[in-house]
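Below is one structure, written out as C-alpha cells, with a few remarks after it.
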Amino acid sequence: MLEKHMNDKPIEKLAIIGGGSAGWMTAAALSNALGKSVDITLIESEAIGTVGVGEATIPPIRQFNERLGISEGDFLRATQGSFKLGIEFAGWTKEGETYFHPFGHYGADFDVHVPFHHYWLADQLTEQKAGPLDDFSICYAASKAGRFSHPNRDPRQIQSRLDYAYHFDATLYAQYLRAYSEKRGVTRIEGRVDNVRLHPETGYILGADLSEGQTIDADFFIDCTGFIAVLIEKAMKTGYEDWSEWLPCNRAVAIPCESTGDILPYTRSTCRKAGWQWRIPLQHRTGNGYVYCDAFTTPEEAETTLRDTLDGAPMAEAKHLRFVTGRRKKFWNKNCVAIGLSAGFMEPLESTSLHLIQSGIMRLLTLFPSRNISPLLAEEYNKVTTEEYERIRDFLVLHYIANEREEPFWKKMAALDISETLQFKIDHFQENGLISLDARELFGKPSWLAVMVGQGLTPKRAPGLSSRADIRGIPVAQRFEQVKNAIRSATDAMPTHSQAIQAMMKAR
Ligand SMILES: Cc1cc2nc3c(=O)[nH]c(=O)nc-3n(C[C@H](O)[C@H](O)[C@H](O)COP(=O)(O)OP(=O)(O)OC[C@H]3O[C@@H](n4cnc5c(N)ncnc54)[C@H](O)[C@@H]3O)c2cc1C
C-alpha cells in the first residue's frame with residue numbers, strides 16, 4: 001500500500017475538451033486553484049459552436065466568482081449582467097394565477113424556537129389575517145418595485161433576508177473566463193476532436209486526436225463537449241439515465257429580443273400549451289425561450305407562440321434545440337469527468353445547470369486525484385453528484401404535479417408517478433406543515449415553501465409550536481405587521497434596479 005502511494009505521481013497534464021460555459025468555468029477555476037502545477041489545455045471548436053443559452057443563475061454563482069477573485073462590477077460590465085431576486089411563475093396552477101419563488105428568506109425570525117413561516121402557516125389555517133406569503137419576502141417586494149440593493153449583514157435588519165443571483169450573457173461570460181484562464185496559463189487550441197484513443201485493456205483515455213492532425217495527450221480529461229458528450233459517452237459508452245418520464249420536455253426554441261422599458265430584477269416563467277416560456281432581462285437585450293414536449297406541439301407552432309409573445313423586436317434567428325433530460329450513469333468514469341451538458345440536463349426551470357457545473361468543479365477540486373486514480377474518489381464524486389441531481393429533479397417535478405390546467409401536456413404532468421423522496425416531502429408538508437430536507441439539498445426551506453404554497457399545497461395542520469398568540473409580549477398579528485412595514489420601508493429606500501447596476505459597474 002505504502003509502495004503504491006510512493007509511486008503515485010501528481011497529475012501533470014489535464015485536457016478540457018469543449019469551450020462553452022462549462023469548459024471555460026472549469027478552466028478558470030482549475031487554473032486559479034492549481035496554478036502552474038498542472039499543464040491545462042482547452043480544445044474547442046468554433047465550427048461546432050456552443051449551445052448559446054443558459055443565462056439565469058442562482059445565488060451560489062456569487063461564491064464562484066468570488067473564489068476566482070472576480071469583482072461584481074467587472075463581471076456586470078463584461079457580461080451585460082443584471083441582478084436576479086427570484087422567479088415569477090405565471091399560470092403554473094391555472095391560467096391567470098401567478099406566484100413567486102424569491103431568493104433569501106421570508107419574514108423575520110422573531111422567535112428563536114419557531115421559524116417565521118410556521119407562524120404564517122398557522123395563520124393561514126386559522127384567521128387568515130396575515131396576507132399572502134409574498135408580502136413577507138423582501139426579494140418579492142423589491143422585484144415588483146423594480147428595485148435592488150445588496151443584502152445587509154446585520155441580522156436585525158430586514159435587508160439581511162435578501163439574497164440574489166445574476167442574469168448574464170453566456171457568450172460574454174465564456175469570453176471573459178477565457179481571458180482569465182489564458183492569463184493563468186491555460187493553452188487554448190482551436191480544433192475538433194474526431195477520435196478518442198482508449199487504452200485497449202483499461203479503457204482509460206490516452207489521448208484525443210483533432211481533425212486538424214494534432215494529438216492531445218493528458219493524464220486526466222474533462223468532457224465539456226455539451227450534449228454530444230464526445231469523451232464520456234461517444235468514446236467511453238458510460239450510459240445515460242433517461243428522466244423523460246418525470247421531465248418530458250425535450251425541445252426548446254430561443255429568440256433574444258430588444259429590451260423595452262426597465263430591466264426587471266427577476267426571471268419570468270410562463271406556462272404555454274406544451275411547456276413553459278422563459279424571459280431573462282439583461283442590460284442589452286432580453287433572453288426568451290419556450291421549453292416544450294414535442295408530443296404536444298410542433299417546433300413551428302412553438303416558434304410562433306414564442307414570437308407572438310416577445311416583449312420587443314427579435315434580435316436573432318430562432319435557435320431550436322433538442323435534449324433528453326437525465327444524467328450520465330457515471331459522471332466520473334476512469335480518467336474522465338463530465339461537466340456541463342455532457343454530464344446531464346434538467347430543464348432550466350430553476351436555473352440549475354450552471355450551478356451543477358460550479359458544484360461539479362468544486363467537488364473535483366476537493367477530490368482531485370493523482371495519476372493512480374483511486375476508484376474511491378470517483379465513487380464519492382458519483383454518489384454525491386447523483387444525490388444532487390436527484391434532489392433538483394424532485395424540486396423541478398414539484399412545479400408540475402399540482403397544476404389544474406386543462407391542456408393535455410399539463411394533465412399528463414398532473415398525473416405523474418413521482419419519486420418516493422418527493423412524495424415523502426409532499427406528504428410531510430400536507431400532514432404536518434413541515435418541510436423535510438436532505439443534508440445535501442441545494443434548495444432550502446424557503447424555496448420549497450414558495451413552490452409548495454405557490455402550487456396550492458395546503459397542510460392539514462400547522463407545525464407544533466406555531467400556535468402561540470404572542471411572542472415576548474407582542475401579539476403575532478402585530479409582529480406580522482412590523483415585518484411588512486419593515487419590508488415596505490426598506491424597499492422604498494432602494495435604488496432602482498438600473499441605478500444599482502450602473503452604480504456597481506462604476507465602482508472600482
Ligand atoms: C434551452 C436551454 C436553456 C437553458 N437555460 C439555462 C439557464 O437559464 N440557466 C442555467 O444555469 N443553465 C441553462 N441551460 C444550461 C446551460 O446552457 C448549460 O449548462 C451551459 O451553457 C453549459 O453548456 P456546455 O458548456 O456544457 O455545452 P456547450 O455550450 O454546448 O459547449 C460545448 C463545447 O464543446 C465543444 N465541442 C463539442 N464537440 C467537440 C469536439 N468534437 N471537439 C472539440 N470541441 C467540441 C463546442 O464547440 C463547445 O465549445 C439551458 C440549456 C438549454 C438547452
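Remember, it's 1-based here, ligands and their atoms both numbered in the order they're listed. FYI, the numbering just counts along the sequence from 1.
The list of side-chain hydrogen bond (donor to acceptor under 3.5 Å, both in side chains) pairs with a residue in residues 220-234, not counting sequence neighbours, reads D223-T225, E233-R328.
Among all protein heavy atoms, the one lying closest to atom 17 (O) of ligand 1 is V53 O, 3.1 Å. The nearest protein atom to atom 53 (C) of ligand 1, hydrogens excluded, is given as F345 CZ, 3.6 Å; this is a heavy-atom distance. Scanning the protein for heavy atoms near atom 45 (C) of ligand 1, the closest one is I48 CD1, 3.9 Å. Of the protein's non-hydrogen atoms, the one nearest atom 8 (O) of ligand 1 is A56 N, 3.3 Å. Remark: minimum distance from atom 37 (C) of ligand 1 to any protein heavy atom is reached at T225 O, 3.5 Å. When only non-hydrogen protein atoms are considered, atom 11 (O) of ligand 1 lies nearest to L354 N, 2.8 Å. With hydrogens left out, the protein atom closest to atom 19 (O) of ligand 1 is S353 CB, 3.3 Å, a heavy atom.
Taking any N or O of G340, backbone or side chain, none lies under 3.5 Å from an N or O belonging to ligand 1. For a threshold of 3.5 Å applied to N or O pairs, the pair formed by A22 and ligand 1 contains at least one separation below that value. Considering backbone and side-chain N/O atoms, V51 comes within less than 3.5 Å of an N/O atom of ligand 1. In terms of polar-atom proximity, S45 is counted as a contact of ligand 1, with an N or O under 3.5 Å from an N or O of the ligand. Annotation: V193 places an N or O atom under 3.5 Å from an N or O atom of ligand 1; distance criterion only. For L341, a nitrogen or oxygen atom sits less than 3.5 Å from a nitrogen or oxygen atom of ligand 1, counting backbone and side chain alike. Ligand 1 has no N or O atom lying under 3.5 Å from any N or O atom of I280, backbone or side chain.
Residues W448 and F443 place their aromatic rings such that the two centres sit no closer than 6.0 Å. Outside the 6.0 Å centre-distance limit, the rings of Y164 and F103 are not counted as a close aromatic pair. A ring-centre distance under 6.0 Å is found for F83 and H150. When ring centroids are compared, W332 and F220 come within the 6.0 Å threshold.
Using a 3.5 Å distance cut-off with no hydrogens or angles, the side chains of R279 and T270 do not pair a donor with an acceptor. Side-chain N/O atoms of Y173 and N65 include a donor and acceptor closer than 3.5 Å. Judged by distance alone, the side chains of T496 and S498 never bring a donor and an acceptor atom under 3.5 Å apart. Under 3.5 Å, the side chains of H320 and E303 contain a donor-acceptor pair of N or O atoms.
Around atom 48 (C) of ligand 1, the closest heavy atom drawn from G52, G49, G226, S342 belongs to G49. Here the shortest heavy-atom distance to atom 7 (C) of ligand 1, taken over G54, G287, A343, G18, belongs to G54. Summarising the contacts of atom 4 (C) of ligand 1 with P348, A338, G20, the nearest heavy atom is found in P348. Between atom 43 (C) of ligand 1 and the options A254, G191, A47, A252, the minimum heavy-atom separation is to G191.
Under 4.0 angstrom from ligand 1, the non-hydrogen atoms of E55 all belong to its backbone.
At a threshold of 4.5 Å between non-hydrogen side-chain atoms, the residues Y166 and R62 count as touching. Using a 4.5 Å cut-off on side-chain heavy atoms (C-beta onward), R393 and S419 make contact.
At least one test fails for R272 against the ring of Y292: distance under 6.0 Å to the centre or angle within 45° of the axis. In this structure, R184 is positioned above the aromatic face of Y180, its NZ or CZ under 6.0 Å from the six-membered ring centre and within 45° of the axis.
The I357 neighbourhood of ligand 1 comprises atoms 19 (O), 22 (C), with distances under 4.0 Å to a heavy atom of that residue. Applying the 4.0 Å criterion to heavy atoms of V230 picks out, from ligand 1, the atoms 38 (N), 41 (N). In the vicinity of R192, heavy-atom distances shorter than 4.0 Å reach the ligand 1 atoms 40 (C), 41 (N), 42 (N), 43 (C). The distance from ligand 1 to the heavy atoms of W278 drops below 4.0 Å at these ligand atoms: 1 (C), 3 (C). Remark: ligand 1 atoms within the under-4.0 Å shell around heavy atoms of G19 are 33 (C), 34 (O), 48 (C), 49 (O). Ligand-side atoms of ligand 1 in range of C224: 32 (C), 33 (C), 34 (O), range being under 4.0 angstrom from any heavy atom.
Using a distance-only test at 3.5 Å, with no hydrogens or angles considered, no donor-acceptor pair links the side chain of Y99 to the main chain of V453. Between the side chain of E387 and the backbone N or O of V384, no donor-acceptor pair lies under 3.5 Å.
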